[in-house]
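So the structure is just underneath, and the comments pick up after that.
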Amino acid sequence: MAIPSGINIPCGFDSIDEYVVVLKQMYKEFAYLPAMHIVDFLVEDHWSELPQDWQEYFDSSAFDIESLIPMASQGQVPADSPESLSGFVRQMFGLRFPRDKIDTGASDDKVAVGDIQKYFLNGMKPKKQAEVIDLAHLVSQVARETGTELVVDVGAGQGYLSRVVAYSAAGSRASVLAVDFAQGQKRGAETFQKRLIKQLRGKKAQTDGYRWQEGDEQRLVHCVVKVGMDSTGELVQMARDQAGGRKWMLCGLHACGDLSSAILKAFVESDASAVALVPCCYNFISENCGDMSGFPLSTAFAGVEIGMNALKTACQATVRWEGKPSETMESFKRNYFRALLHYFMILKGQLSKHDRFPTVGGVTNTELAEAVEREQMQDMAEGIDKEFALYVYAALRKMQSSWHPSLGECLECRRSMEHGFRQMAVVWTLRSIVGPLIEGMLVVDRAMYLAQHCSSISAFALFDPVTSPRNVGAGRAPLNDALDVPEARRLKCEKTFEALCFPVCDWLMLNLNKINRHFAISRNIFPPLQPADTHIHFAGQYY
Ligand SMILES: C[S@@+](CC[C@H](N)C(=O)[O-])C[C@H]1O[C@@H](n2cnc3c(N)ncnc32)[C@H](O)[C@@H]1O
């Protein structure tokens, strides 16, 4: 099965331009939700920012807090909810990229999968395994199609992807330059590599088709380099030096924040043959740094500012809530406790509204158990709700605060703000529902950035959304094969920008080749285009 191509937008939109306009409009309208800070939620009374009819509905006894889970996971809104609320949820879900994974045939390749399972699993959890199988398949396919001989794996970590691309017998046999800024990651990756090489030189591997040759160790080289928006030139130079005249491409699996933006920038600024990218950690994307900003990259989102709280919201994975209802309720409670502690500290003069929020991070069960011991609360009478008090004692210790409120004060604070739990759960859910819209803006911004510099773009779900909520990819593929994707609609555009639009998702596969190489490459690789069933004329800005 081939890699689908085309930039993907949800059903109901005729063009990427229309989609961008609606994304921006809707974000403007609902930005107040993800912009809310959870810590000062009670102090600032963020609840009062919700529309009046929503407040009344969520405050009513008819509302069941557990209905928030299917609302966030599936967009199911109780029948008695206000029309404006169900409209909001409908709109947010309608703006998401479709989430079903598009099968690129990676798991059908029994030889490659068997190979990976036999030799490359060391250290990989099932989630990583699935991701590596899909992305390595894609990278190898793209490398073969483009005649690429060096793959530069940026943010390579422990080198799971690098090793499969470099050494799998079913792979492209390209060399790999694995780049990471952490010395510890490099050391770990090299240890895994040594063990693998020993195995691949063994008799068993030889009977499995591995023909170890002199110098094969050098097919995977690791280096420690920090890649930033301001140092893409250095990455490109390093890649060129390593390639020594051979074709090279970029890839990244879960490249955090600005690292993904830097990989795309390096691609656009260089002669790399392709890029295959799966970003993550949107909260590490920088804004307001001029040309060095990780967002926006494209002119389509110029002037849009997302903000740190909203970037964090984009990392939410509400699709998982349904499978983990008790963990979801627990996270509502922990958020509520954090906000309540802040309220409590201000109420008791331990903080002022203008102080920076002290960092607590997650309070673990071990820390709570230690608080029980320290405060000698083991034998406390049944029925006393000591949970918040325990959280307070554990959190204050983490903050290294010398304040020690009495148990009575903690219980009183909790009682006085009991209603805050439901309000927090509601607001946390509503802002999480906006998360995919923000992720959509980030993904489309990156796609549009490529579109502004490249001739063809495609997008599709690469990983299973529940197993791997973060997965945006970039690569290149024959345009024609996109018609294998169900419900594919071809948008034939003016000049050389061809885009396919079909129901895919926020897991994007961006297929591109650069405009200055488009004709030469496309004549060789891409079969003739199928007749278009839709015609959309894009403005010249895409070039
Ligand atoms: C989420 S991990 C992914 C690792 C690996 N690709 C994988 O999927 O297993 C991100 C990796 O990128 C590295 N990294 C983050 N920012 C970086 C930067 N600016 N330059 C180079 N490496 C970076 C981190 O050290 C980390 O190993």
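Quick caveat: nothing in here was measured; it's all calculated off a predicted structure. Just so it is clear, the values below take in all heavy atoms, side chains as well, and ignore hydrogens, waters and symmetry mates. First listed ligand is number 1; within each ligand, the first listed atom is number 1.
Using cut-offs of 30° and 60° on the angle between ring planes, the pair Y160 and F192 is tilted.
Residues passing the ring-ring contact (aromatic ring centres under 6.0 Å, His included) test with F337, sequence neighbours excluded: F388, Y391. For K118, the salt bridge (Lys or Arg N to Asp or Glu O under 4.0 Å) partners are D208, not counting sequence neighbours. Remark: F357 pairs with H37, H342 by the ring-ring contact (aromatic ring centres under 6.0 Å, His included) rule, at least two apart or across chains.
Sorted by chain then number, the residues whose non-hydrogen atoms approach ligand 1 to under 4.0 Å are K128, G155, A156, G157, Y160, D180, F181, A182, Q185, V225, K226, V227, L253, H254, C256, L259.
Judged purely by atom type and a 3.5 angstrom limit, S298 has no side-chain atom pairing as donor or acceptor with the backbone of M448.
Comment: K194 does not engage E190 in a salt bridge, judged by the lack of any side-chain N to carboxylate O separation of less than 4.0 angstrom.
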